[in-house]
Amino acid sequence: MPDSQELDDILNEIKSMSSDNPDNDAKKSNVAKSDELNINELFSQPERKQRAENTVEEKKQEKKTNNSKEGKKMPDKKKNAPKKNKFAIFAAVAILAIVIISVIVFIAKARVDVEETTAPAVTVTQAEVTEAELPKVNPLTGSADFNEKAVGRRPIACVVENAQAARPQWGIADSTNPPDIIVEGEVEGGETRMLFMYADYTAVPSQIGPMRSARPPYIKFSELFDAIFIHWGMSQTKKGTAYIGANTVFRQDNVDHINQMTYSGVALFGRDSSRGVSSEHTGVLYGAKIEEAIKGEGFRTEADNSHYTKFSFAQEESRVSDKDCSTLALTFSSRTRTRDWTFSDEDKMYHSSDYKTDVARKNLLVLFDTTEYISKPNYKGKYTEVYCNYNLAGGDGKLATNGSVVDIKWSVENGVLVIKDAQGNNVNFNVGTTWIGYASSNNGGSVTAE
């Protein structure tokens, strides 16, 4: 409760409030003065205190009411100024944000429109570059008209015999898909045997052969091309002799191969007895069944390029030297016949009729290797056979193409065949098929090229 001094202050405040009211007239002023003069006389001290307190509460309530009315009727500009400033700043920021968002949306849409407009052209260009970098070229012939589905696949190597009764071999001179590479070398009895190699095993002619048994040198040679090996039988290792047979090489080298003697899949092999020769010269391979047979065996079909020999091919048909080569004759050893080839100016190919048909090749590659003869009983045990083994040791040779010839050096490096000239430079083949004559350097092998 207020003391005397506080009550005096309250009364002074009441007087001040009354005097500040412009609506009071002179009469009211006099009454107020009279009240002021006689107030102490009218009330005792406790009553004065209670009345003062009541008056204070009434004035406070009145002041609140007046302030509320004044706030509605006449807002204080100074108090509202900060609010107005804040609103203006907020509005400016909002407008700026809307402008920025609109610009970003416009730019993004413009970029999308540009990308949609230019994407097709970029895609075409990339496709053209990719195709230029990775041409669909036959890795064995350098030919550009190669089956796209065969790109990156392993080739196949098929064993085909070359006895007189086996000629002409089925498929050797096929007009559409002759072998990409023919490898010919000595086996036993002074006879030669061949490998027909195809980069695309889906394009093998309907029938090739006569198919014959595998020999270790041919298996080893096929491994230089990461080839799947297909054959009809194989030579066997014989205990008590120095001969290592094809069966051992297949196992030791883990070679993927299909042997007619043990194969039980699709109808991959058959016989053609139309020539009236003995049965060993009638075995054939059906080209249309090769892909299905390989799939059925579960062989790896993707080529291992690190073990796939690929010759260098000239971009344009050219000669390999200034030395002419119209004819080439190769004698594999002192025990074999000679293979003769003649160059034709008309088609720029080398031709041989030794196979009882016209066989044409673009490139002739002669490789001389050290050989050895090993005797063992034949598979029937009735007589002794002398097998010719090649050591795959590298050596000299020749490359004849486009009516010219060059001396070469060959070697096996990191599992692939490497061909260099006498100065150690790479040698370019011409695009087309190749015949490889595999001859003995120490047992009477010889070549003439004129």
Side-chain angles (χ1 to χ4, degrees), residues 156-198 204-215 217-218 221-222 229-235 260 269-287 290 327-344 347 349-366 385-388 400 432-440 445 447:
I156 61 170
C158 307
V159 182
V160 177
E161 72 163 318
N162 192 37
Q164 291 292 329
R167 303 174 187 174
Q169 290 84 354
W170 289 291
I172 192 171
D174 189 84
S175 60
T176 304
N177 293 305
D180 295 324
I181 294 177
I182 297 174
V183 183
E184 185 176 355
E186 185 180 0
V187 281
E188 60 269 356
E191 293 288 355
T192 62
R193 195 160 290 184
M194 297 183 287
L195 283 179
F196 285 6
M197 301 185 69
Y198 299 89
V204 176
S206 60
Q207 178 175 301
I208 66 170
M211 299 291 292
R212 287 305 292 266
S213 57
R215 297 291 183 268
Y218 295 84
F221 203 91
S222 75
F229 201 88
I230 304 177
H231 57 109
W232 193 307
M234 56 186 165
S235 64
Q260 185 277 338
F269 300 93
R271 290 192 181 276
D272 186 334
S273 301
S274 62
R275 295 178 177 178
V277 295
S278 58
S279 62
E280 65 265 31
H281 307 302
T282 63
V284 295
L285 176 72
Y286 299 124
I290 295 174
T327 62
L328 184 144
L330 175 66
T331 303
F332 299 92
S333 79
S334 58
R335 303 186 181 198
T336 69
R337 297 180 179 90
T338 300
R339 190 69 59 240
D340 294 305
W341 296 90
T342 301
F343 181 71
S344 170
D347 61 5
M349 304 278 282
Y350 285 93
H351 295 258
S352 177
S353 58
D354 291 353
Y355 307 97
K356 293 186 178 180
T357 188
D358 180 30
V359 176
R361 301 273 104 179
K362 188 65 179 178
N363 307 290
L364 306 179
L365 178 63
V366 175
E385 290 181 325
V386 180
Y387 292 85
C388 179
T433 58
T434 297
W435 175 82
I436 299 177
Y438 201 17
S440 174
V447 64

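- In this structure, M197 CE and C158 SG are separated by 9.5 Å, a value rounded to the nearest 0.5 Å.
- Between the S352 side chain and the D340 main chain, a donor and an acceptor come within less than 3.5 Å of each other.
- The side-chain heavy atoms of L195 and V159, taken from C-beta on, include a pair separated by under 4.5 Å.
- Between H281 and V277, the closest heavy-atom pair is CB-CG2, 3.7 Å.
- Contact check for I208 versus V284: no side-chain heavy atoms found under the 4.5 Å cut-off.
- Side chain of T331 to backbone of S333: no donor-acceptor contact under 3.5 angstrom is found.
- Distance check, rounded to the nearest 0.5 Å: CZ of R167 to OH of Y355 gives 7.5 Å.
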task: Determine, step by step, whether Q169 and T357 satisfy the side chain to side chain contact (heavy atoms under 4.5 Å, CB included) criterion, reporting the C-alpha distance in whole Å, the side-chain angles of both residues, the deciding distance to 0.1 Å, and the verdict.
output: CA-CA 9 Å; Q169 290 84 354; T357 188; 5.9 Å; no
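- Not counting sequence neighbours, the partners of T282 by the side-chain hydrogen bond (donor to acceptor under 3.5 Å, both in side chains) test are R271.
- Between D358 and H351, some side-chain heavy-atom pair lies under the 4.5 Å cut-off.
- A 4.5 Å side-chain heavy-atom check between R275 and P168 finds at least one atom pair inside the cut-off.
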- request: Go through I230 and F269 one step at a time and tell me if the side chain to side chain contact (heavy atoms under 4.5 Å, CB included) criterion holds.
  value: CA-CA 10 Å; I230 304 177; F269 300 93; 3.8 Å; yes
query: V187 and Y387: side chain to side chain contact (heavy atoms under 4.5 Å, CB included), yes or no, with the steps?
result: CA-CA 6 Å; V187 281; Y387 292 85; over 6 Å; no
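- In this structure the side chain of F196 never reaches within 4.5 angstrom of the side chain of L285, judged on heavy atoms.
- Judged by distance alone, the side chain of R193 and the main-chain N or O of V160 form no donor-acceptor pair under 3.5 Å.
- Of all non-hydrogen atoms in Q207 and Y286, the two that sit nearest each other are OE1-CE2, 3.9 Å.
- Side chains of S213 and Q260 form no contact here, defined as non-hydrogen atoms less than 4.5 Å apart.
- Between F221 and Y438, a ring centre-to-centre spacing shorter than 6.0 Å is recorded.
- Once rounded to the nearest 0.5 Å, the distance linking CD1 of I436 with CZ of R361 reads 10.0 Å.
- Heavy-atom minimum distance, E186 versus C388: OE1-SG, 3.8 Å.
- In this structure, N162 and E184 have side chains that are in contact, with non-hydrogen atoms separated by less than 4.5 Å.
- Shown here for I181 and V183, the closest heavy-atom pair between the two residues is CG2-CG2, 3.9 Å.
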- request: For the pair E161 and E191, evaluate side chain to side chain contact (heavy atoms under 4.5 Å, CB included) and give the outcome as yes or no after the intermediate values.
  value: CA-CA 9 Å; E161 72 163 318; E191 293 288 355; over 6 Å; no
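- The two residues S222 and F229 have their closest heavy-atom pair at OG-CD1, 3.4 Å.
- G437 approaches L330 most closely through the heavy-atom pair CA-CD2, 3.6 Å.
- Judged by a 6.0 Å distance limit and a 45° cone about the ring axis, R339 is not positioned over the six-membered ring of W435.
- With respect to the salt-bridge test (charged N to carboxylate O, under 4.0 angstrom), the residues R215 and E188 qualify.
- Using a 4.5 Å cut-off on side-chain heavy atoms (C-beta onward), T327 and W341 make no contact.
- Residue M349 holds its CE atom at 8.5 Å from CG of N363, rounded to the nearest 0.5 Å.
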